[in-house]
Amino acid sequence: MQDTKKVAGELLVELEKKGVTFETVDGKLKYKDSKGNFTENSKEKVKKYKEEIIEILKKKQTIDEFITDNDYETNVYPLTDVQAAYLVGKTEAVKWGGIGCKGYIEVDFGSYSAEELSRAWKVLVNRHEMLRAKVTEVGFEILERDEIDYEIKIVNLQKMAEREKVDTLSKIREDFSEYVFHTEEPPLFKVLITKRIEGNFFHLLVDLIVSDFASVQLLISEMGELLKGASLEKIRYKFSDYAMFNQQRKGSLKWHQDRMYWLERLKKLPEAPILPQDGRAADKCENTYEFYRFQKHINQSDWKRIKEIAGEYGVTVSSVLIGIYAEVISRWSSNKHFTLNLPIQNRPTIGNNTNSIVGDFTAVNLLEVNVTQNMSFIERVKEITKRLMEDLEHNSFSGVEVLRELSKVSEEKELLMPIVFTGVLKTDGTVGTIEYGFSHTPQV
């Protein structure tokens, strides 16, 4: 059956390229033909899909416009594409699934007491609605503040012998690693405080369906502000506002433009890197539930120099890190022209309030990388940056939607892009330092 809205959207995009643009004035469809390309045949098509075209043009392009013009009342808010994908990833219905997407950190808050940490966290639970969210397949609901019940256990490691301290901490981390969230049973976080000789540590495990890592950083930053006695800026919008806006902008003119961009890109988009899955890696491929984090710390002087060099060449540090990651992957991949999966932040622009909301703003970008080209490292970084920036200009058609379209034309039963680059650079100048962490993610 023909999807008339998509046909209308494709018609609008096609005519726009020919210099024919449309707008609605008092509910009526008006057009401008700057190049004289609006043929009688095109006019007949527009007439046929007039109602669909008007509906497309009425979609709001900014969250400010949407909130101003909508006074919606609902108790259940729509999931983003990534949130819905996380729910599916919890099941065994997909390859490498059966596991929730969660993140864990240990934050050293120094001499601040366990009681101060507990009070600060309670303020944040009351402040951020997604820390009180209940998530199901049909959407998410926000519980009232008095409906959320949680415990903050305090473990004193200060007087323990070294071996006992190491074993206790290891067991704590193991328990957090094995903890399973049931999204319909909030809260979707688990917290604990350890008292150590070097300071008091706040342990936080969160289901990333309610809070991405940038939001976790925000929470830690706001904890620091509260501990210093500062007041927090009032939040203008909520994640539920974003969820409603995100749903309504699907099917907008920008969404159709971006859809056509990606449908064209799909014709040449390469497959994921093909990494070794035999020999030493064979036994690991069978285990879908264990995650290992390997760390390498760069000292401050080297990191400062890397940022300086990146600036000299006119590229960002994030682009340099993606370039390094791509080089390493290509060293082991049998195909040197591949697609990487990049989780990105898709926060709307809301004045100074943009970064004050906790929620899962994650979107996915499928980044094409071609290491077969004969060029220097910095040239490749610039090429990757150019491709990424162009992709991000068309991100209203989400990466999850791109994968769905790709699956329609792929011969593979289950199409995956499991090689992921994710980077969240640490925020400077905040109270509390993240000293340890891990994350679990399905289908990677």
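Please read all numbers here as calculations on a predicted model, not as lab measurements. What's counted below: heavy atoms across the whole structure, side chains too, no hydrogens, waters or symmetry copies.
With a 4.5 Å cut-off on side-chain heavy atoms, Leu57 and Phe22 count as touching. A 4.5 Å side-chain heavy-atom check between Ile142 and Met130 finds at least one atom pair inside the cut-off. Here the side chains of Asn395 and Glu393 are not in contact, with every heavy-atom distance at 4.5 Å or above. Under the 4.5 Å side-chain criterion, counting only non-hydrogen atoms from C-beta, Thr194 is not in contact with Thr168. A 4.5 Å side-chain heavy-atom check between Asp212 and Gln345 finds at least one atom pair inside the cut-off. The side-chain heavy atoms of Phe397 and Val402, taken from C-beta on, include a pair separated by under 4.5 Å. Contact annotation: the side chain of Met260 never approaches that of His394 to less than 4.5 Å [non-hydrogen atoms, C-beta and beyond]. By the 4.5 Å heavy-atom criterion applied to side chains, His203 and Arg173 are not counted as neighbours.
Applying the side-chain contact (heavy atoms from CB on, under 4.5 Å) criterion to Glu178, with sequence neighbours excluded, gives Glu174. Remark: Glu116 engages Ser113 in a side chain to side chain donor-acceptor pair (under 3.5 Å) (not counting sequence neighbours). Partners of Lys408 under the side chain to side chain donor-acceptor pair (under 3.5 Å) rule, at least two apart in sequence or in another chain, are Glu405. Partners of Glu401 under the side chain to side chain donor-acceptor pair (under 3.5 Å) rule, at least two apart in sequence or in another chain, are Lys250, Trp255, Ser398. Residues passing the ring-ring contact (aromatic ring centres under 6.0 Å, His included) test with Phe421, sequence neighbours excluded: Tyr325. Contacts of Met244 classified as side-chain contact (heavy atoms from CB on, under 4.5 Å), with partners at least two apart in sequence or in another chain: Phe66, Tyr72, Thr74, Tyr77, Pro78. Phe202 pairs by the ring-ring contact (aromatic ring centres under 6.0 Å, His included) definition with Trp121, not counting sequence neighbours. Under the rule for a side chain to side chain donor-acceptor pair (under 3.5 Å), the partners of Glu264 that lie at least two apart in sequence or sit in another chain are Lys267. With sequence neighbours excluded, the residues forming a side-chain contact (heavy atoms from CB on, under 4.5 Å) with Val180 are His182, listed by chain and number.
Heavy atoms from other residues, nucleotides or ligands lying under 6.0 Å from CG of Asn299 number more than 12. Heavy atoms from other residues, nucleotides or ligands lying under 6.0 Å from CG of Asp302 number more than 12.
With 3.5 Å as the limit, one finds no donor-acceptor pair spanning the side chains of Thr183 and Glu185. For the residue pair Ser330/Ser333, the side-chain donor-acceptor check at 3.5 Å is not satisfied. Residues Asp258 and Ser396 bring a donor and an acceptor atom of their side chains to less than 3.5 Å of each other. In this model, no donor atom of one side chain and acceptor atom of the other lie less than 3.5 Å apart for Glu184 and Thr136.
Applying the salt bridge (charged side-chain N to carboxylate O under 4.0 Å, His left out) test to residues at least two apart or on different chains, the pairs with a partner in residues 186-202 are Glu106-Arg196. Applying the salt bridge (charged side-chain N to carboxylate O under 4.0 Å, His left out) definition to pairs two or more places apart or across chains, those involving residues 117-138 are Arg127-Glu222.
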Query raised in the report: Does the pair Ile105 and Phe438 meet the rule for a side chain to side chain contact (heavy atoms under 4.5 Å, CB included), with working shown?
Result: CA-CA 7 Å; Ile105 56 172; Phe438 63 72; over 6 Å; no
**Report entry** Derivation of the side chain to side chain contact (heavy atoms under 4.5 Å, CB included) call for Val206 and Val216
**Finding:** CA-CA 8 Å; Val206 63; Val216 171; 3.8 Å; yes
Query - Derivation and outcome, side chain to side chain contact (heavy atoms under 4.5 Å, CB included), residues Phe189 and Val125 - result: CA-CA 10 Å; Phe189 63 81; Val125 173; 3.8 Å; yes
Query raised in the report: Are Phe140 and Phe239 close enough, and set up right, to give a ring pair (Phe, Tyr, Trp, His ring centres under 6.0 Å), and what steps lead you there?
Result: CA-CA 11 Å; Phe140 66 87; Phe239 185 79; 5.8 Å; yes
**Report entry** Derivation of the side chain to side chain contact (heavy atoms under 4.5 Å, CB included) call for Arg347 and Ile357
**Finding:** CA-CA 9 Å; Arg347 289 174 178 260; Ile357 307 172; 4.2 Å; yes
Query raised in the report: Would Glu368 and Thr339 satisfy side-chain hydrogen bond (donor to acceptor under 3.5 Å, both in side chains), going step by step from the backbone distance to the final call?
Result: CA-CA 5 Å; Glu368 177 183 0; Thr339 297; over 6 Å; no
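Using cut-offs of 30° and 60° for the angle between ring planes, the Tyr242 and Phe245 rings count as tilted.
In this structure, Leu131 CG and Leu188 CG are separated by 9.5 Å, a value rounded to the nearest 0.5 Å. Residue Lys254 holds its NZ atom at 14.5 Å from CD1 of Ile56, rounded to the nearest 0.5 Å. We find the CD1-CZ distance between Ile172 and Phe201 to be 11.5 Å, quoted to the nearest 0.5 Å. Interatomic distance, OG1 of Thr80 versus CG of Asn346, reported as 9.0 Å (0.5 Å rounding). Distance CD1/Ile384 to CG/Leu340: 7.5 Å, rounded to 0.5 Å. The line from CG of Leu157 to CD1 of Ile197 is 9.5 Å long, rounded to the nearest 0.5 Å.
Aromatic ring centres of Tyr179 and Tyr104 lie farther apart than the 6.0 Å criterion allows.
Across all their heavy atoms, Leu219 and Ser211 have their closest contact at CD1-OG, 4.3 Å. The heavy-atom pair separating Gly199 from Asp108 by the smallest distance is CA-OD1, 3.9 Å.
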Return a table of donor-acceptor pairs under 3.5 angstrom between the side chains of residues 359-367 and protein atoms on other chains or two or more places apart.
unit_1: Asp360; atom_1: OD1; unit_2: Thr362; atom_2: N; d: 3.2
unit_1: Asp360; atom_1: OD1; unit_2: Thr362; atom_2: OG1; d: 2.5

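The pair Glu383-Lys386 does not count as a salt bridge, with every side-chain nitrogen at least 4.0 angstrom from each carboxylate oxygen. Electrostatic pairing of Asp167 and Lys171 does not count as a salt bridge here, judged by no charged N lying under 4.0 Å from a carboxylate O. Lys58 and Glu55 are not joined by a salt bridge, as no carboxylate oxygen comes within less than 4.0 angstrom of a charged side-chain nitrogen.
Here the side chain of Gln83 pairs a donor or acceptor atom with the backbone of Ile209 at under 3.5 angstrom. Between the side chain of Ser118 and the main chain of Ala114, a donor-acceptor pair closer than 3.5 Å is present. Under a 3.5 Å cut-off, the side chain of Thr24 and the backbone N or O of Gly27 do not form any donor-acceptor pair. Judged by distance alone, with hydrogens and angles left aside, the side-chain atoms of Asn335 form a donor-acceptor pair with the main-chain N or O of Ile274 at under 3.5 Å. Although no hydrogens or angles enter the test, the distance criterion places a donor-acceptor pair under 3.5 Å between the side chain of Ser407 and the main chain of Leu403. Asn200 places a side-chain N or O within 3.5 Å of a backbone atom of Tyr112 that can act as its donor or acceptor partner.
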